[in-house]
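Just so it is clear, the structure is predicted and the values come from calculations on it, not from any experiment. Naming convention: chains lettered A, B, ... in sequence-line order (proteins, then strands); numbering from 1 in each chain.
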Amino acid sequence: MSQESEGRLHRLRREKVEQIRDQGINPYPNRFRRRHVAQDVHRDMEDRTHEEIEASGAEYVLAGRLMAVRDFGKASFIHIEDGSGRIQVFMKKDVLGEEGYRHFKLWDVGDIVGIAGTPFVTRTGELTIQASDAVLLTKSVRPLPEKWHGLKDIEIRYRQRYVDLIANEEVRETFRTRSRLITNIREYLDGHGFLEVETPMMQPIPGGATARPFVTHHNTLEMDLYLRVAPELYLKRLVVGGFERVYEINRNFRNEGISTMHNPEFTMLEFYMAYTEYNGLMDFTEELLREVVRRTTGAEQLVYQGKAVDFSRPFDRISFAESLRGLDRFEDRHLKNPEDALDYARGRDIQVSDRDPLGKIHLKIFEHLLEPDLTDPTFVYDYPVEVSPLSRRSDDEPETAERFELFIAGMEIANGFSELNDPRDQEERFREQVAERESGDEEAHMMDRDYITALDYGLPPTAGEGIGIDRLAMLVTDSASIRDVILFPHQRSVQS
RNA sequence: GAGCCCGUAGCUCAGUCCGGUAGAGCAGCGGACUUUUAAUCCGUCGGUCGAAGGUUCGAAUCCUUCCGGGCUCACCA
């Protein structure tokens with residue numbers, strides 16, 4: 001089963017490599033210069049008649065992986081595939097010569113090969129290169145998955161992504177789309193005066209989110225370091241330093257559960273805008289996403305797992321409390337009284353604890369009963385302050401945080417808020433977190449004195465936000481699992 | 001961490017309910033075929049049935065444990 005197992009086919013092909021060497025042929029030469037890709041041929045010959053194509057006399061030098069062979073004895077049709085696509089090649093003994101055709105017969109599906117030739121159109125209408133020259137470039141010694149069904153085994157697809165990418169065109173397209181998505185986000189932010197920065201992935205004090213970190217150790221410094229759970233506190237230090245609009249697209253690491261929505265390392269966009277508060281941030285986010293989705297997919301509407309999602313209309317906005325009030329039989333007393341809220345949750349099979357503060361109970365109710373139904377992009381704003389330890393309190397309602405989350409297709413996509421810039425308030429909240437940590441909460445924050453010092457110098461009024469890039473990639477590629485948009489998702493290691 | 005499901009040839013899958021000589025297609029190998037499209041036709045090789053133990057005259061099939069994966073839940077974004 002394992003990739004190390006000595007399959008019969010693998011052994012035969014390795015023997016074949018030795019036979020090829022014995023014939024004086026290098027199975028891995030590197031002096032071939034490709035001059036064209038498959039797409040060049042398709043593009044050049046588009047809109048031409050068969051006669052024009054054959055009369056063109058155009059010469060192409062192509063290279064790629066041999067994906068299919070249809071052998072007729074003294075002639076063969078093959079398909080080769082390169083980074084741009086596929087092209088059919090006609091291998092004819094008359095043209096290649098006795099020796100050339102014998103060389104071709106050494107090829108196997110999966111080999112990397114180079115060919116030179118001229119285009120024509122076959123009887124069945126397929127644009128094809130008639131090869132005048134052909135050379136083996138890289139011998140492949142493992143059999144490819146089946147041509148028709150492809151590779152379906154999810155475990156092999158994730159563990160040996162290279163095979164998945166060879167076999168499944170739609171997987172390649174998914175990762176191209178992901179890349180385009182990120183490029184479009186960068187361009188949008190760069191075009192709006194943002195500076196892209198890189199802040200530490202290894203941090204002495206992991207901050208900016210409530211999550212269990214991974215720990216590592218630096219030998220020379222003789223200190224433990226944590227893989228970051230968020231770049232937040234560093235990015236805000238940069239706003240203190242005068243970079244008024246900054247962003248970072250990079251990995252975060254959280255030592256927590258794995259699911260279709262969670263990978264231990266995941267990619268997050270975090271950005272900060274000075275002189276904006278959370279309402280301005282919602283406006284900005286809406287324009288950013290509409291534009292990025294349109295540039296990435298070509299439309300402002302998409303279908304995710306059978307559900308239509310519309311980015312073209314103004315995003316829905318509803319306050320957290322208002323959304324709860326819309327629930328069946330949810331009354332004011334459930335909003336104000338923790339015991340009533342507990343009853344409400346337990347009556348609907350939501351796991352809550354007597355120790356949960358009111359805001360946390362409300363959040364659990366929201367997550368179970370409301371979040372899954374938020375299909376079109378929806379901002380939910382004004383969260384309970386108890387579940388928003390990093391955001392600024394509302395000046396008018398101190399129990400409410402100036403915070404919003406954006407939900408799309410039932411997924412939490414973004415989390416943003418007006419930043420807390422009062423150093424004494426921040427210090428106090430750190431102290432509370434430290435107390436929780438000492439009473440056993442591993443996710444609670446540690447004290448970050450230097451961050452307090454930075455705030456002492458003065459953080460201008462600022463709003464900041466994190467957008468989960470993997471989840472956004474799931475949306476634009478219609479992927480059901482986060483592992484389908486991460487090239488190498490983590491798997492348990494195989495015991496041999 | 002808990003529940004449910006899955007693991008059979010290189011790949012895609014039957015066979016497991018109801019125990020009785022491990023199958024198919026593709027790929028491979030040999031042969032025919034100079035415009036095919038999952039090419040076709042003839043022949044042929046290929047298995048630690050995830051692993052270990054147990055029940056049984058006999059286990060891919062029933063039982064137990066373990067390994068790996070998927071989904072749901074919990075935590076989280």
Categorize [X] for me: base, sugar-phosphate, or nothing, with a 4.0 angstrom heavy-atom threshold over every strand shown.
X        : answer
A:Gly257 : base
A:Arg70  : base
A:Tyr158 : sugar-phosphate
A:Arg483 : sugar-phosphate
A:Ser76  : nothing
A:Gln491 : sugar-phosphate
A:Lys152 : sugar-phosphate
A:His368 : sugar-phosphate
A:Gly466 : nothing
A:Asp71  : base
A:Lys74  : base
A:Leu9   : base

A:Asp111 and A:Arg65 ion-paired at < 4.0 Å: no
Residue matched to B:U44 through Watson-Crick or wobble contacts both under 3.5 angstrom: B:G28
Any strand: nucleotide that pairs with B:C13 via Watson-Crick or wobble, under 3.5 Å: B:G23
Residues forming a salt bridge (charged side-chain N to carboxylate O under 4.0 Å, His left out) with A:Glu81, sequence neighbours excluded: A:Arg86, A:Arg172
Counterpart residues, ring-ring contact (aromatic ring centres under 6.0 Å, His included), relative to A:Phe315 (two or more places apart): A:Phe379
For [N] versus [M], give the span between their [atom1] atoms, rounded off to a whole number of Å.
N     : M     : atom1 : value
B:G47 : B:G15 : P     : 23 Å
B:G7  : B:C11 : C1'   : 15 Å
B:U55 : B:C62 : C1'   : 8 Å
B:C26 : B:A60 : C1'   : 23 Å
B:U12 : B:C6  : C1'   : 16 Å
B:C49 : B:U36 : C1'   : 38 Å
B:U8  : B:G46 : C1'   : 14 Å
B:A52 : B:C67 : C1'   : 10 Å

Greater than 12 external heavy atoms within 6.0 Å of A:Asp22's CG: yes
pi-stack flag for A:Phe77 and B:U36, centroid dist under 5.5 Å, interplanar under 30°: yes
Under 3.5 Å side-chain donor-acceptor pair for A:Asn415 and A:Arg403: yes
Between A:Asp382 and A:Ser319, a side-chain donor and acceptor under 3.5 Å: no
